[in-house]
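Below, all heavy atoms of this structure are taken into account, side chains as well, without hydrogens, waters or symmetry copies.
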Amino acid sequence: MDTSFQRDQLDNQILEALMADARTPFAELAKRFGVSAGTIHVRVEKMKQAGIITGAQITVNPKALGYDVCCFIGINLKSAGDYPSALAKLNALEEVVEAYYTTGNYSIFVKVMCQSIDSLQHVLINRIQSIAEIQSTETLISLQNPISRAVKP
């Protein structure tokens, strides 16, 4: 990863365009920004090497796939040394879609997606709270996600 890379306005414009639609052809971006497609390609490759662009992905609507329950679970560990093994066990649960190592009230904060309250109850009781390294949890159910955006370049 090249940490000496310095972004300029064109790099930021390319990032914003690709974040809006990662499938935008380089030729279209070149026309939009008044440069050659080769310039776009070189800029994108440099941002990949710098670790700014780490991939492209398709965004899916969890509700359309039947995942109606989104919640956040604050997890307290029995000891700080339990973090690696607890994280490995949480990573094995497909319902855990994000995890954060945090300061404050919780050691780990996870985002969990389930198809129903019943499935959340099962995951919580039989899978998460049964992890030996976990001392306690607090669950917050999300009612809606009115703001969801990536950082601005």
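- Contact annotation: the side chain of I73 never approaches that of F109 to less than 4.5 Å [non-hydrogen atoms, C-beta and beyond].
- In this structure, K111 contributes its side chain and C70 its backbone to no donor-acceptor pair below 3.5 Å.
- Scanning both residues, V69 and I117, for their nearest heavy atoms gives CG2-N, 3.7 Å.
- Under a cut-off of 6.0 angstrom, the local environment of CG in L65 is crowded, with over 12 non-hydrogen atoms contributed by other residues, nucleotides or ligands.
- Judged by distance alone, the side chain of K89 and the main-chain N or O of I131 form no donor-acceptor pair under 3.5 Å.
- A salt bridge is defined here as a Lys NZ or Arg NE, NH1 or NH2 lying under 4.0 Å from an Asp or Glu carboxylate O, and R43 with D8 meets this definition.
- Scanning all heavy atoms of the two residues, the minimum distance from V151 to M19 falls at O-CE, 3.0 Å.
- Closest approach of Q135 and L77 over heavy atoms only: OE1-O, 3.6 Å.
- Looking at heavy atoms from C-beta onward, F72 lies in side-chain contact with S142 at the 4.5 angstrom threshold.
- The closest donor-acceptor contact from the side chain of N126 to the backbone of V123 lies at 3.5 Å or more, if one exists at all.
- At least one donor-acceptor pair under 3.5 Å links the side chain of T24 to the backbone N or O of D21.
- Hydrophobic clustering keeps V97 apart from L120 (ILVMFWY residues linked when any side-chain heavy atoms are closer than 4.5 Å, directly or through intermediates).
- Looking at E28 and K31, no side-chain N of the basic residue comes within less than 4.0 Å of a carboxylate O on the acidic one, giving no salt bridge.
- Inter-residue side-chain proximity for S136 and I134 is flagged as unmet; no heavy-atom pair is nearer than 4.5 Å.
- When the shell of 6.0 Å around CD of E98 is examined, it contains more than 12 heavy atoms from other residues, nucleotides or ligands.
- A 4.5 Å side-chain heavy-atom check between I14 and F33 finds at least one atom pair inside the cut-off.
- Ring geometry, H41 versus F26: the interplanar angle falls from 30° to 60°, so the pair is classed tilted.
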